Each structure stands twice: as structure tokens, then as C-alpha cells.
Student: 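My questions all concern the structure below.
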Number of protein chains: 2
Amino acid sequence: MCELCDYNLMLEEAGLAPNDNRLRILEVIGANAYPLTAAEIFAVIDRTKPVNRVTVYRILDSLVQRRIVEKISGSSRAAHYGLAPNDNHLPHPHFHCTSCGLVDCLAPETLSVDQDRLMKTFAGEIERVDVRIEGTCRNCLKLKNRT
Amino acid sequence: MCELCDYNLMLEEAGLAPNDNRLRILEVIGANAYPLTAAEIFAVIDRTKPVNRVTVYRILDSLVQRRIVEKISGSSRAAHYGLAPNDNHLPHPHFHCTSCGLVDCLAPETLSVDQDRLMKTFAGEIERVDVRIEGTCRNCLKLKNRT
DNA sequence: GCCGTTATGCAATAAAGTTGCATTCGGGAA
DNA sequence: TTCCCGAATGCAACTTTATTGCATAACGGC
Ligand SMILES: [Mn+2]
Ligand SMILES: [Mn+2]
Ligand SMILES: [Zn+2]
Ligand SMILES: [Zn+2]
């Protein structure tokens, strides 16, 4: 997803030097069809060029802070990371499989949320409205029925 | 919230013996205005009558499995637990403060989600559709502006 | 090349939850 | 009542995921 994003530019606009590790992490996240855990991202980039896992955590944190990357937490212990919504990449709900832990991206138009009332009445500052679908994925359903 | 719920009955219907620990945990969860962490629940019930924290985790797990209690996970490491939707207790979105970690319940009518398209097209089994609002709570806003 | 800033590495530590196994409890059968 | 069995609890060790402190290395302007 998001082949249109210019990671170099995104980093510079956010005030982060577009160095090797940051670019590689962004590329891994952007190239994947669904959000990955820090451990998965680490595994991928460590294979091509060794890096410390703490570095991965730190880079992910800074990318999340700057809203380049979105941190998606669910019932599985580990957070997942995907590209944050931007001009080429609309906000969209995520599906969490309670059986295998898979986290997947759904098309932005699958679900519409009417936020008007919330925006008018809420007594704090709203940064994101996330929709999380929980259930059993296609694959796990198949496996279950095969018993 | 949910003073109407008969915890005894709910447990029995779910096939769980309504023993002391389970009832006390349910009462703490049900009496609180917002979802609590396992550690917070443990602290409360341990004060009146000592109990092992593992017991609390195990009871919470079984209550979540049986959909008596809802597990709400956010960006803070610890999960929060609230009463699950039932006849006296409509599904509703939760607000997560990124600044102080507070998790709060919003009124069910604050947000409406149109799930039709999702239900028709999704190739798995959907168990829950959760809406999560992230931002800065009233309190934290005040503190910030006071600098 | 020098130097301050930023990035990375490494080891220790922390937080939250889980597991294995031993012990105790509680309720029905004898 | 006593015996017994399954369910519930306790306790210690462990796992997973993430964070912190401090030392070293790389980078970039001068
Ligand atoms: Mn996504
Ligand atoms: Mn709630
Ligand atoms: Zn699955
Ligand atoms: Zn707050």
C-alpha cells in the first residue's frame, strides 16, 4: 500500500533526517499489506543489515509521534504498525482475528462513522477515531469448520 | 453503571459458579464509572480480602470469554476491563487519553456506525465492532494550557 | 579535522500477563 | 459424617514486549 508516498519527503517535513534505518523501516511498513509488529519489522530489516531492536523501537516511536506511522494496539500483546493516514492513504478500520492474532486493513469505505455529535459535545481534544473489528478471519474459520 | 445487572444470575447462566471472588470482581467492575486495569481491580479486592493476582487474571479471562466482561486494550500497556454490552448496558465507544492513560466510557448515542456494507462483504466472522476515540482529556487539556 | 548534535548499541530493568504444579475448597455420594 | 473428585486458588518461576541509562559511533556544519 501507499506506493505513492515519498518517505524521504515525509521524514524531512517532520523534521527527521531521512537516514538509512528510518527509510528502511518505513519501506517495510509501507510495502506490507497489513500492519506488522515491531518484532516482525525488526526481523525483516535485521536480515539485510543488522540493527539493534532498541533502535527499531525508538524509530517507531518517533514515527508514531509525528503521525507518519500509526500504532495499532489490540488484544494481542504486541502493537502493530502501519502507515498513518495521509493524502494518499485514507483512514480505515482494522480487523483483528481473535484466533490467530492477524491484524488486517479494511477498505476505507467499508464503514462509515458519523462523528458530528461527538465532535460537538466532547469536552476534550480528539485526535483519532478508530474503528476496530474483532472476530475470526477467513482462514481460521476454514480451519475450525474442518474439525 | 449497570446497577440493574444481577451478577449472580449472569454467572450462573454462563456456567460459572457465583463464588466470592468472581462476584467481588464483577461488583468492582460494575460499580466503577470507567474501565479498570487488572492491577486496579486486584488492588481493590485485595484490600478487603486478600487474593492472589493470578486469580484475578484468571477470573477476568473467563469473564471475558463468556462475554460478561469486555476487555478494552489501548496504547497503554495494560488492558482495561468493563462490563460487556448486555440488555441493561448498550455498546458504546471508549475514549483513551494519550496524555494520562485514562480510559472512559462515552454515551452509546455519541457515535453511530453504519455497519451494513461491512456485514455484507466481510469474509470472516465478526464478533465486535469497537470504536476507540483517542485524544487529550479535559483534565490534561487544562493542565497543558496552564503552562 | 574539530566539535556539538543526533543516532545507535548493549545490558539491565520494568510492566503485564502466563504457566506449571501443589494445595485447598466445596458439594454430592456413600 | 466422611470420602472423593473436580473446580478454584496460591505461589514461584517464566515469558513477552517494551523502556531506560549510559557508552560509543556517525553525521554535518564550520
Ligand atoms: Mn491499515
Ligand atoms: Mn464502557
Ligand atoms: Zn485468524
Ligand atoms: Zn488525560
Side-chain angles (χ1 to χ4, degrees), chain A residues 7-8 11-12 14-26 28-29 35-66 68-81 96 98 100-101 103, chain B residues 7-8 11-12 14-26 28-29 35-66 68-81 96 98 100-101 103:
Chain A
Y7 301 132
N8 247 291
L11 287 172
E12 277 182 350
L16 291 176
N19 67 14
D20 208 43
N21 284 334
R22 288 203 260 252
L23 283 170
R24 275 145 43 84
I25 286 181
L26 270 181
V28 170
I29 292 178
L36 297 170
T37 63
E40 290 166 335
I41 295 166
F42 166 73
V44 173
I45 77 161
D46 186 58
R47 217 175 295 137
T48 38
K49 172 165 167 270
V51 66
N52 193 276
R53 74 202 180 84
V54 176
T55 300
V56 174
Y57 278 117
R58 288 199 271 236
I59 290 178
L60 285 173
D61 279 352
S62 75
L63 293 175
V64 168
Q65 262 185 358
R66 274 140 221 210
I68 295 175
V69 160
E70 180 178 34
K71 181 174 182 174
I72 298 158
S73 30
S75 38
S76 63
R77 307 276 311 275
H80 290 240
Y81 297 86
H96 299 245
T98 48
C100 69
V103 177
Chain B
Y7 301 133
N8 247 288
L11 287 172
E12 277 182 349
L16 291 176
N19 68 13
D20 208 43
N21 284 335
R22 289 204 260 251
L23 283 170
R24 276 145 44 81
I25 286 181
L26 269 181
V28 170
I29 292 177
L36 297 169
T37 63
E40 290 167 333
I41 295 167
F42 165 73
V44 173
I45 77 160
D46 187 58
R47 217 175 293 138
T48 39
K49 172 167 168 268
V51 67
N52 193 276
R53 72 198 181 88
V54 176
T55 301
V56 174
Y57 278 116
R58 288 199 272 234
I59 291 180
L60 286 173
D61 279 353
S62 76
L63 294 175
V64 168
Q65 261 186 359
R66 284 155 171 106
I68 296 174
V69 161
E70 179 179 35
K71 181 174 182 176
I72 298 158
S73 30
S75 37
S76 64
R77 305 279 308 275
H80 289 241
Y81 297 87
H96 299 245
T98 48
C100 68
V103 177

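Note: hydrogens, waters and symmetry copies are ignored here, and every other heavy atom, side chains too, is used. A, B, ... follow the sequence lines: proteins, then strands. Residue 1 opens every chain. In this text, all values refer to a predicted model and were calculated from it rather than measured experimentally.
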Student: Assess the residue pair A:L11 and A:L26 against the criterion (side chain to side chain contact (heavy atoms under 4.5 Å, CB included)); give the C-alpha distance rounded to whole Å, side-chain angles, the decisive distance to 0.1 Å, and a yes or no.
Tutor: CA-CA 10 Å; A:L11 287 172; A:L26 270 181; 3.9 Å; yes
Student: What one-letter contact string describes nucleotides 25-30 of chain D from 5' to 3', where B marks a base within less than 4.0 Å of any protein heavy atom, S marks contact via sugar-phosphate atoms alone, and - marks no contact?
Tutor: ------
Student: Please list all pairs passing the salt bridge (Lys or Arg N to Asp or Glu O under 4.0 Å) test where one or both residues lie in residues 42-57 of chain B, with sequence neighbours left out.
Tutor: B:D20-B:K49
Student: Show the nearest heavy-atom pair for residues B:V56 and B:A38, with the distance to one decimal.
Tutor: CG1-O, 4.1 Å
Student: Under 4.0 Å from any atom of DNA chain D, heavy atoms only: list the residues of residues 40-49 of chain A that qualify, in numerical order.
Tutor: none
Student: For B:N19 and D:dG6, what is the distance between atoms CG and P respectively, to the nearest whole Å?
Tutor: 19 Å
Student: What is the first contacted nucleotide of DNA chain C and what is the last, in 5' to 3' order, if contact means an atom lying under 4.0 angstrom from a heavy atom of chain A?
Tutor: C:dA7 to C:dG17
Student: Side-chain contact, heavy-atom cut-off 4.5 Å: B:I72 with B:H96?
Tutor: yes
Student: Could you walk me through whether B:I59 and B:L16 pass the side chain to side chain contact (heavy atoms under 4.5 Å, CB included) test, one step at a time?
Tutor: CA-CA 10 Å; B:I59 291 180; B:L16 291 176; over 6 Å; no
Student: Looking at residues at least two apart in the chain, or sitting in another chain, which of them share a side chain to side chain donor-acceptor pair (under 3.5 Å) with B:Q65?
Tutor: none
Student: Quick one: closest heavy-atom pair of B:A14 and B:R66, and the distance?
Tutor: O-NE, 3.2 Å
Student: Between A:H80 and A:P35, which heavy-atom pair has the shortest distance, and what is it?
Tutor: ND1-O, 3.1 Å
Student: Using atom names, set out every protein N or O paired with an N or O of nucleotides 19-21 of chain D below 3.5 Å, distance rounded to 0.1 Å.
Tutor:
{"from": "D:dG21", "atom 1": "O6", "to": "A:R58", "atom 2": "NH1", "distance (Å)": "3.4"}

Student: Walk me through whether A:L23 and A:N8 qualify under side chain to side chain contact (heavy atoms under 4.5 Å, CB included).
Tutor: CA-CA 7 Å; A:L23 283 170; A:N8 247 291; 3.9 Å; yes
Student: For A:V51 and A:F42, which heavy atoms make the closest approach, and how far apart are they?
Tutor: O-CE1, 3.1 Å
Student: Taking all atoms of both residues into account, what is the closest heavy-atom pair of B:I45 and B:R24, and its distance?
Tutor: O-NH2, 3.0 Å
Student: Can you name the closest pair of heavy atoms from B:Y81 and B:T37 and give their distance?
Tutor: CD1-C, 4.4 Å
Student: So, B:S62 versus B:R22: side-chain donor-acceptor pair below 3.5 Å or not?
Tutor: no
Student: Would you indicate what B:A39 reaches in the nucleic acid, counting non-hydrogen atoms under 4.0 angstrom: base, sugar-phosphate, or nothing?
Tutor: nothing
Student: Using whole Å, report how far CG of B:N21 lies from P of D:dT9.
Tutor: 5 Å
